[in-house]
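A, B, ... follow the sequence lines: proteins, then strands. Residue 1 opens every chain.
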There are 2 protein chains.
Amino acid sequence: MPAREALASRKAGRPRVAVPRTHLVETARAVFADRGYHGTTLDRIAEQAGIRRASLLHHFGDKASLYQEVLDQVVVGLQDLIREASGARTDYPGALDALGSRIVDTLGRRPGVARLLLRELVDGGPYLEGAGGRAVQETLEFTAGFLAAGMTAGVFLRQDPRQLALTIVGLHLYYFATLDSTGSFLGAGAYSDAGIEVRKTAVLAHVRSLCLGTPAGVPDPSPALRRPRTKASSV
Amino acid sequence: MPAREALASRKAGRPRVAVPRTHLVETARAVFADRGYHGTTLDRIAEQAGIRRASLLHHFGDKASLYQEVLDQVVVGLQDLIREASGARTDYPGALDALGSRIVDTLGRRPGVARLLLRELVDGGPYLEGAGGRAVQETLEFTAGFLAAGMTAGVFLRQDPRQLALTIVGLHLYYFATLDSTGSFLGAGAYSDAGIEVRKTAVLAHVRSLCLGTPAGVPDPSPALRRPRTKASSV
DNA sequence: GTCTATAACGGGATAGAC
DNA sequence: GTCTATCCCGTTATAGAC
C-alpha cells in the first residue's frame with residue numbers, strides 16, 4: 001500500500017514506476033465488483049492503484065470506458081473458459097463435471113467476477129446493449145446447445161434446455177456473488193480452498209442430478225463448514 | 001401519469017389527493033429495483049409518485065431510511081411466504097412444490113422483488129448488517145432446517161442442506177432478477193402468465209430432482225417460448 | 001403536507017504546468 | 001504520463017412560505 005504522502009510529494013510528469021494498464025484494469029475490476037458502477041468513485045480506484053484520478057482519466061478517457069474494458073475482460077474470459085472446457089467432447093457427463101469444476105474454481109478464486117457479471121445482468125446497463133450483450137447471449141445459446149445435444153444423444157434427461165441453462169448459470173453465479181453476505185450462514189472459511197472444494201462437490205452433484213437424474217451422493221460435508229461458529233476467527 | 005405542469009401549478013401546502021405512504025413505498029420499490037440504490041435519485045421517485053422531492057423527504061427523512069423501509073417490506077414479505085408455505089407440513093414433496101410454486105408466482109409477478117433482494121445480497125450494504133441481515137440469515141437457516149428435516153425423515157436425499165439451500169435460492173432469484181437481460185434468450189413473453197408457468201414447471205422439476213432424485217419429466221416447453229423470435233413484438 | 005428556493009457537497013471531467 | 005487546480009453538474013438535504 002503506497003502511502004498517501006509519498007504520492008503527494010511526487011513531482012508531476014514523472015511516472016512513479018510505470019504502472020501497467022493491466023494493473024489499472026485489475027484494480028478497477030476489484031473496486032467495481034465491490035461497489036457497483038454507480039457506487040464506485042474514480043478517486044477510490046485511483047487511490048487503490050496508487051495514482052491520481054486525473055491520471056486514471058488520461059488512460060481511459062472516462063469512467064464508462066474503463067468500466068466497459070473491465071467487463072469485457074471478465075465476459076470474454078468466462079466465455080473462453082466455457083467453450084474450452086465443454087468443446088470437442090463426446091463424453092457428456094465428463095464434460096459436465098469438467099465445466100462445473102472449472103467454473104467453480106474460477107469464480108471461487110475471484111468472487112469479484114461473479115459479482116460484477118451478476119450485477120450487470122441485474123442492472124441491464126448500456127454495456128449489455130452493445131458487444132457485451134451479444135457475448136452473453138452467445139454463451140447462453142452455446143450452453144443451451146450443449147445441453148440440447150446431450151439430450152438428443154440420449155444421455156441428458158429431456159427437458160427445456162433454456163430453462164435448464166438458466167438455473168445452472170444462476171446456481172453458479174448466485175453463490176459466489178453473495179458469498180460475503182451469506183458467509184455467516186456457511187461458517188468461516190467459505191472462501192478458503194476447503195470451502196471452494198465443498199461447493200464444488202455440491203455443485204457437481206446438483207448439476208448431475210439436474211441433467212442426468214443421478215441421485216448423486218454428497219453424504220458428508222466438511223464438518224468445519226457445516227455449522228457456523230458463533231465466534232469464529234474472521235477472514 | 002400525472003403531468004409535470006399540473007404539478008407545478010399546484011398551490012403549496014394543499015395535499016393533492018392524500019398520497020398514502022404505502023403508495024410512496026411501492027413507487028420507491030419499483031425505482032430502487034430498476035436502478036439500484038446509488039443509481040436512483042429521489043427526484044425520479046418523487047416524479048413517479050406525483051410529488052416533489054422535498055415532500056418525499058418530509059415523509060421519510062432521508063434516502064437511506066426510505067430504502068430501508070422498502071427493503072424491510074420485501075424481506076419480511078418473502079419470509080412470511082416461505083414460513084407459511086412450508087410450515088406445518090409432513091408431506092415433504094408436497095411442501096416442496098407448494099413452496100416453489102408460490103415463490104415463482106411472487107417473483108414472477110413482481111420481478112423488482114428479486115432484483116432488489118439480489119442486489120442487496122451482492123452489495124452487502126448497511127441494511128444487511130442490521131435487522132435485515134438477521135431476517136435473511138433466519139430465512140436461510142429455516143430453509144436449511146426444512147431440507148435437513150426432510151433428509152432425516154428419509155424422503156430427501158442425504159446431502160449438505162446448506163449448500164442445497166443456497167443453490168435453490170440462487171436458482172430462484174437469478175432467473176427473475178435477470179429476466180430483462182436474458183429475455184431475448186427466452187423469447188418474448190417471459191413475463192407473461194404463460195412464461196411464468198413455463199418457469200414454474202421447470203423449477204418444480206429442478207427442485208424435485210435436487211431434493212428427491214426424481215428425474216422429473218418436463219418434456220414439452222411451450223413452443224412459443226422455446227426459441228426467441230427474431231422480430232417479436234415487444235413488451 | 002406540499003411547495004419554492006437555496007445551501008452544501010461529491011464526483012466527473014478539463015486545462016495546463018512539469 | 002502524472003500532477004495540481006478548477007470548473008461544473010447532479011443530487012441530497014434544509015429553510016421557510018403557504
For B:Arg102, I'd like to know if atom CZ has over 12 heavy atoms of other residues, nucleotides or ligands within 6.0 Å. yes

Nearest-angstrom distance from the residue atom [atom1] of [X] to [atom2] of [N]:
| X | N | atom1 | atom2 | result |
| --- | --- | --- | --- | --- |
| B:Phe32 | D:dT11 | CZ | P | 13 Å |
| B:Glu47 | C:dT2 | CD | C1' | 17 Å |
| B:Arg52 | D:dA13 | CZ | C1' | 17 Å |
| B:Leu24 | C:dT2 | CG | C1' | 12 Å |
| B:Arg35 | D:dT11 | CZ | C1' | 14 Å |
| B:Ile45 | D:dT11 | CD1 | C1' | 12 Å |
| A:Ile51 | D:dT2 | CD1 | P | 6 Å |
| A:Phe60 | D:dT2 | CZ | P | 10 Å |

What N/O pairs connect the protein and nucleotides 9-13 of chain C at under 3.5 Å? Give each pair on its own line.
| residue | atom | partner | partner atom | Å |
| --- | --- | --- | --- | --- |
| C:dG12 | OP1 | A:Lys63 | NZ | 3.1 |
| C:dG12 | OP2 | A:Leu42 | N | 3.1 |
| C:dG12 | N7 | A:Arg53 | NH1 | 2.4 |
| C:dG12 | O6 | A:Arg53 | NH1 | 3.4 |
| C:dA13 | OP2 | A:Lys63 | N | 3.0 |
| C:dA13 | N6 | A:Arg53 | NH1 | 3.3 |

Criterion salt bridge (charged side-chain N to carboxylate O under 4.0 Å, His left out) against A:Asp193, the qualifying member of A:Arg199, A:Arg109, A:Lys200: A:Arg109

Under the salt bridge (charged side-chain N to carboxylate O under 4.0 Å, His left out) rule, collect the residues that match up with A:Asp62, sequence neighbours excluded. none

Using salt bridge (charged side-chain N to carboxylate O under 4.0 Å, His left out) as the criterion, list what pairs up with A:Glu138, not counting sequence neighbours. none

Is the ring pair B:Tyr67/B:Phe32 parallel, tilted or perpendicular, if the boundaries are 30 and 60 degrees? perpendicular

Phosphate OP1/OP2 of D:dA13 contacted by B:His58 side-chain N/O (<4.0 Å): no

Would you please test B:Phe60 and B:Arg21 for side-chain contact (heavy atoms from CB on, under 4.5 Å) and show each step? CA-CA 9 Å; B:Phe60 300 96; B:Arg21 186 185 183 88; 3.5 Å; yes

